[in-house]
Amino acid sequence: MTLIIAIKCKDGLVFASDGQATSFSSGGPIRQKYKKIYRIEDLLFGAAGTIGVIQRCMEEVKKFGKLISEKGLNTLIEERSPEGKVTFISVRDKIRQLIFSINKYELERHKGFHGTEEGAPVANILIAFYDKQEKKFRIWHISPDGGEEFLEELGYGCTGIGDTFAHAFIKDYYDPELNVEKGKLLAYRIIKDAIEIGAFGLGEPIDIWTITVKDEKPEIHNLTSDEILALNDTYLVWKEMERKIFMEKT
Amino acid sequence: MRKRDVLLYFIYVPVGNLELISPIQIMKGLFLIKQELKLEDFYEFEPYLYGPCSFEVYRDLEFLTEEKLITKIPSGRGWFYYKITPLGRSRVEEFSKTISEKLVQGILEIKKLIAGKSILELLRYIYSKYPEYAKNSIINLEALMK
């Protein structure tokens, strides 16, 4: 089970996830600590779904990480058919095709074995990066069928089984004027509260990354454990303040 | 004098029934120790989202925990209190022989102050006395200062 959140801030981007995976042993489901966000060149890649499928999708995205980082998503790449015919396709569409193929294969394989598509292993992907060509932060969501959406205009994106919880919370707090410092806290709070409620099989440790830009170059930072502890204390103060306001006599 | 020893001593100093101490109380206590007892070569604090913060304190809390000088007690709400261990107590006894009575009294007074205030009262105290460390706070200071 997973919750991944990307939040665009006025001075950067925050990308965060919970840190628990549920895998299936012969004795039943087991909980494991699992890293869900990976750096691929200047991209941050996160995904909800089945670990094996996520790994395969990530391998494909890795092949184009450098190209996207340096030249952007719409860069054309050459494709050669078995007959030798050359065509061009954007790296963006190529990745969508590959993700579609991987998920389609898994669906068919699952259906062939179980007789239904229900419960088939798939990957739902969120990629965040700074687009040097467009000079803006992008939040790129690719669904298992290869469908895509860019969420930076909305300001945030969420994926995983806890995402409805995240959407319900974030809509009341998100503001485009939010800075990265507060964005980290907002991401932490959403994931922490989702874990505390415990309805989604989510767990710690919470993993938070930031992308900021200096001299037109993206700077990517993965928060250290002491930075996470400081966020936790800030989160406690925030909740304490809310309790005080709620309990205040009118 | 090592700052980590002061941290351990602060966790240890007995005040009333306060055996357990939260990370926020520790952070703000160490900040007051630095400011009010004028300790040099001590933790460096920066204005953070909940007032003065030194990330090094968190690292040292982890270190002291690994060394079994302090222990973590779950709060039941997803975070931990800290408590001195018997091993930590014997370390503190050694350390307390090396520091001045003035420092011992100063640390005791600050721990009493910390223990006597809620989290928000403590922040109000620090924010009003050291406003330069409140500039990045997520809390609306005007509302808090009422």
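Lettering follows sequence order; numbering is per chain, from 1. Side chains are part of it too, since the values below use all heavy atoms of this structure and drop only hydrogens, waters and symmetry mates.
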- prompt: If you tally heavy-atom pairs under 4.5 Å against chain B, which of A/Leu231, A/Asn179, A/Leu236, A/Asn232 wins?
  reply: A/Leu236
- prompt: Relative to chain B, which of A/Leu229, A/Val237, A/Thr224 shows the most heavy atom pairs under 4.5 Å?
  reply: A/Leu229
message: Counting the benzene-type ring for Trp, do A/Trp238 and A/Tyr173 have ring centres under 6.0 Å apart?
response: yes
message: Could you check whether B/Phe31 and B/Tyr133 have their ring centres less than 6.0 Å apart?
response: yes
Could you look at [X] and say if it's the side chain, the backbone, both or neither that has a heavy atom under 4.5 Å from chain A?
X	value
B/Leu49	both
B/Phe55	both
B/Glu62	side chain

Heavy-atom pair count under 4.5 Å with chain A, highest-scoring of B/Pro23, B/Gly51, B/Cys53, B/Ser118: B/Pro23
query: In this structure, are over 12 heavy atoms from other groups packed under 6.0 Å from A/Lys182 atom NZ?
result: no
query: Does atom NZ of A/Lys136 have more than 12 heavy-atom neighbours, drawn from other residues, nucleotides or ligands, at distances under 6.0 Å?
result: yes
task: Check each atom of A/Asp233 against the heavy atoms of chain B and say whether the ones under 4.5 Å are side chain, backbone, both or neither.
output: both
Residue A/Leu185 versus chain B: region with a heavy atom under 4.5 Å: side chain
task: Let me see the working for A/Phe45 and A/Tyr38 under ring-ring contact (aromatic ring centres under 6.0 Å, His included), right down to the final yes or no.
output: CA-CA 5 Å; A/Phe45 174 101; A/Tyr38 295 90; 7.2 Å; no
query: Cut-off 3.5 Å, side chains only: do A/Lys36 and A/Thr2 have a donor facing an acceptor?
result: yes
